[in-house]
Amino acid sequence: MVPRAIKDDIYWVGFIDWDRRLFDSLIPTPHGTTYNSYLIKGSEKTMLIDTSDFGKENNLLAAIEMTGIDKIDYIVSNHAEQDHSGSLPKILEMYPDAKIITNSKCKELLESFLPIPKEKFIVVNDNEEISLGNKTIQFMIAPWVHWPDTMFSYLKEDKILFSCDFLGSHYATSELFVSDEKEVYLSAKRYYAEIMMPFRTMIKKHLERIEKLNVDIVAPSHGPLYDKPSFIIEAYKDWSGDSVKNQVVIPYVSMHGSTKAMVDYLSESLSNKGIEVKLFNLEIADAGELLMALVDTATIVVGASTMLVGPHPLAYYATYLVNAVRPKARFVSIIGSYGWGGNAVEVLKGLIPNLKVELIEPVYIKGYPKESDFKALENLAEQIYNKHAQLGL
Ligand code: FEO
């Protein structure tokens, strides 16, 4: 990749991964991603901020070389995850005098993933600064966006915040800065839903801290940079805030149409009451789309057939995933159908200990829904409507 100048003596030396279509072996990345690394040349010292994924070493080395900078004194590791540290051993080999600047937690993780000698590390604490001569980097320990090791680096003179995974997006683009806010908004929301949503409380604290800084540019580890940072800061405030939408998300799986008939009936009842409904047929759903819908929704209703004696594995998987990302939804219910018996409802209820929700009585029936079952679904829709109304939705 050709390096790009962000400002005088500050370069993006990242890699645009146009072809990546899955992250964490879990979430589709329809727009690819980037692994952003940054090179800062001070009057006395030179610093590389983060490296790249495994296999991208030569691209990173070539980009550094093209800047004309032939010496690296410091390599900052803001986060040990391998998409940012995988190239670190090779960079150290090529720049043997460079020291790794990181925090103690990140050092511990790096040492567990990569063969790095202890003497290579300089460990920094929160708010510690390192001078490059005419440029000063302040380090800000910012745990849990994405791992407990995460750290931000703030270039004070140029007002650039290197925010690591935080505020990023899986969005491959040749543009250095965000040019299409609508496109990037959706990619950033998808990214937030998978990576950041479980850590809403920490996110709010980090946002407050960032707002006290004077930031002209946010330079994340994935996706384009923000030269109008308020765009992404306001989006994160909205997503991580406590308000929810008058919306019901229904991930469902139906083996022979009974659960589907229930889902359709409930969906129509809710729509008739003015509630937005988002259905996700788990046979074909994009997990990223489902997680994005969970960012704002007030209610989640899982639609699950019984397979043998338990919930269908797709419903089990989706419920497990919902629990893992800890959406701010307020209400949950379960609907579905069984053949001869089983304990699907009890199993699914046991899968959501992380959610701070009120469980609305499930509607779980034998066979195809009858008149009385549709009435029960109508009642469920009514309960959801009333609960949303109580929230002022
Ligand atoms: Fe992009 Fe948590 O690594």
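Order of listing sets the numbers, starting from 1, for every ligand and every atom in it. This chain uses plain numbering: 1 for the first residue, then up along the sequence.
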Checklist entry - Can you find a pair of side-chain heavy atoms, one from K156 and one from E129, that are under 4.5 Å apart? => result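 A side-chain contact under 4.5 Å exists here.
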
Item to check | Side-chain heavy atoms of I130 within contact of F139, under 4.5 Å | outcome: yes

Item to check | Sub-6.0 Å ring centroid separation between F166 and Y236 | outcome: yes

Checklist entry - If you check every N/O/S atom of E81, which is the one nearest atom 2 (Fe) of ligand 1? => result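 Of all N, O or S atoms belonging to E81, OE1 is the one nearest atom 2 (Fe) of ligand 1.
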
Checklist entry - Of all the atoms in D165, is at least one N, O or S atom closer to atom 2 (Fe) of ligand 1 than 2.8 Å? => result yes

Item to check | H79 atom NE2 and H146 atom ND1 as seen from atom 2 (Fe) of ligand 1, angle to 10 degrees | outcome: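 Taking atom 2 (Fe) of ligand 1 as the apex, I get 110° for this pair.
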
Next on the checklist: To 10 degrees, how wide is the angle OD2 (D83) to atom 1 (Fe) of ligand 1 to NE2 (H222)?
Outcome noted: 80°

Checklist entry - Are E358 and K387 within salt-bridge range, i.e. N to O under 4.0 Å? => result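 Looking at E358 and K387, the cut-off is met.
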
Item to check | Geometric class of the H206/F152 ring pair [parallel <30°, tilted 30-60°, perpendicular >60°] | outcome: perpendicular

Checklist entry - Of all the atoms in H84, is at least one N, O or S atom closer to atom 1 (Fe) of ligand 1 than 2.8 Å? => result yes

